[in-house]
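Values reported hereafter were calculated over all heavy atoms of this structure, with side chains retained and with hydrogens, waters and symmetry mates removed.
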Amino acid sequence: MPRESVLVVGAGILGLSAAHFLAQKGLPVLVLEREAPLSCTSDKSTECYRVFWPGEESLAALVAHGLEHLGPFAEAARMKPRGYLYLGRAEDLLALAQAAPHAGPLRVHRKAATYPEGAEEGMDLLLPGALGEVFPYLAHLKARAGLHVRRAGWLSAQGLGMALLEALRAAGGRVVRGEFLGLEGEGSARVRLEGKEEVWSFLALVLAPGPGLLPLLRGLDPGLPVAAEPHFKAWFPDPLRLFPREAPLLIWNEPGEIFSPEERALLAEAEDLAPLLGPLPPGAHGRPEGEGFLALYNPWPRAEEPRACGPTPPSWAGEVALRGLFPILPGLRAYLGVRPRVDGGYYVRTPENLPLLGPVAEGVYLLAAFSGYGVMAALGAGEVLARMVLGEALPPWAYSFLPARYRDPGYRPQGAAARAQL
């Protein structure tokens, strides 16, 4: 490996984005990946995006910055900008909107007639009555409101990732199958290729290892506070077409219980279900996908040490996600007993759920801990990372993500991004 090359560890969507923008700036780039590209966390993504982070302007700016760079990849990304529709009490949704001025103007509707069907910016608060007029399949939520966040939706993570990989190769970058073992002094790294260890020199080292971050930090900067949480999603076939095909991402913004008193009594002896038998936090969400729908609800994730790309889903993961959607679409009860396709990945996160984006040693950069928003933040983060490597000016919000923040005795994590996590 030439001394003047940048070594990127990790060929997930974040690593490929950084490699792409570095190559665009004229640097020779080599990506080291122990699995196939885009086969770990990126493959498990829910593929959603939103420029809506109540109380956390910097994350919203990061995602918006990435969307500005989407142009060359828009066709591959196959965006569906249908928005996020939060459902719950009007006063709670109003507070959410007021905490996110970055999402654009707030429009309040008492009647469907004032609702702008094709709006691309801002937020629309549909008060009780108007919600059922605009979205008839939600008419049963008579006392509830809906906050339709417009600059949001979902896209193809695989499509975007493959387009980044092709662009990288076109610019002369390469992906090599191998494993990063650690630093070997300043400006060099120890790697394993086909069972043989080698020492490579580098101009800069970018670590985008996904769930492999935790063991790397032990030898690099053990003081950085990170944890890995397993999260799961379930895909259900929908032959009865109970989940509207035209729906935005639907989110239940209220706490609740997913089991009846009778069910709780029957399940009381099941140790692994005990945390799920009481009141659960808001956050159940779902969206149409192909000939079915995705259901996502991870009410009490527990940190664990990643032992592979993805955790093994518990037997109840799919049913819990389905039950979380019952307040939104009660008809989905018809699918109790249906076996969904369940997979998941690790959310590697900091306590306040802001990423680690920036230098941790001379010539060594982290691109990690993008818990639940790696796909939507990838282009923005990759572009900023490339600026850092070259010593270029950064947007002001990028300083919020520097790993060095934890060495500042005056740093006080706000936690708004953690509260907004789905």
Side-chain angles (χ1 to χ4, degrees), residues 8 10-24 29 31 33 35-51 62-84 120 150-175 177 208 210-211 231-235 245-249 285-296 309-310 341-347 367 370-386 422:
V8 177
I13 197 164
L14 283 159
L16 291 176
S17 176
H20 162 72
F21 284 106
L22 286 162
Q24 289 296 305
V29 181
V31 181
E33 171 58 62
E35 310 287 342
L38 302 164
S39 63
C40 197
T41 306
S42 299
D43 184 50
K44 313 300 181 187
S45 167
T46 57
E47 304 188 311
C48 295
Y49 72 91
R50 52 171 164 152
V51 184
L62 173 62
V63 177
H65 185 64
L67 294 180
E68 292 171 3
H69 292 276
L70 189 62
F73 310 108
E75 184 176 352
R78 301 196 296 277
M79 293 179 70
K80 290 186 171 57
R82 298 187 190 178
Y84 280 24
E120 297 179 357
R150 296 307 192 126
R151 205 171 177 198
W154 57 94
L155 49 77
S156 170
Q158 284 292 309
L160 175 58
M162 290 305 297
L164 283 167
L165 181 58
E166 291 173 8
L168 171 65
R169 286 172 172 159
R174 293 191 297 137
V175 177
R177 190 75 171 262
H231 282 249
F232 305 99
K233 68 177 186 289
W235 182 86
R245 313 314 301 154
E246 72 281 7
L249 181 79
H285 53 295
R287 63 172 174 83
E289 175 69 18
E291 293 302 311
F293 61 91
L294 285 177
L296 306 99
C309 264
R341 186 173 71 238
V342 179
D343 68 6
Y346 288 103
Y347 280 11
L367 187 60
F370 286 75
S371 169
Y373 51 86
V375 168
M376 68 179 86
L379 292 179
E383 196 276 337
V384 167
L385 189 283
L422 292 177

Is a donor on one side and an acceptor on the other found under 3.5 Å between the side chain of Gln158 and the backbone of Leu38? yes
CG-CG distance between Leu22 and Leu168, expressed to the nearest 0.5 angstrom: 9.5 Å
Which of parallel (below 30°), tilted (30 to 60°) and perpendicular (above 60°) describes His231 and Tyr347? parallel
Starting at CZ of Phe370, measure out to CG of Leu62 and round the result to the nearest 0.5 Å. 6.0 Å
Work out which heavy atom in Ala381 is nearest to a heavy atom in Leu367; give both atom names and the distance. CB-CD1, 3.8 Å
So which of Leu155, Leu70, Val375 actually passes side-chain contact (heavy atoms from CB on, under 4.5 Å) with Tyr49? Leu155
CG-CG distance between Leu379 and Leu164, expressed to the nearest 0.5 angstrom: 6.0 Å
Nearest atoms (heavy-atom pairs only) where Gly310 meets Tyr346: C-CE1, 4.0 Å
Salt-bridge criterion met for Glu289 and Lys233 (N-O under 4.0 Å): no
Side chain Ser17, main chain Ala378, donor-acceptor under 3.5 Å: yes
Between His285 and Tyr84, does the ring centroid distance fall short of 6.0 Å? no
Considering non-hydrogen atoms only, spot the tightest contact between Val342 and Ala234 and give its length. CG2-CB, 3.9 Å
As an exercise, state the distance from SG of Cys48 to CZ of Arg82, rounded to the nearest 0.5 Å. 11.5 Å
Closest approach of Val29 to Ala23 (non-hydrogen atoms, all atoms of both residues): CG2-N, 3.8 Å
Under 3.5 Å: donor-acceptor pair, side chain of Glu47, backbone of Trp154: no
For Glu383 versus Phe21, what's the shortest heavy-atom pair and its separation? N-CD1, 3.4 Å
At what distance, to the nearest 0.5 angstrom, does CZ of Arg50 lie from CZ of Arg151? 14.5 Å
Could you grab the distance from atom CG of Leu296 to atom CG of Leu249, nearest 0.5 Å is fine? 8.0 Å
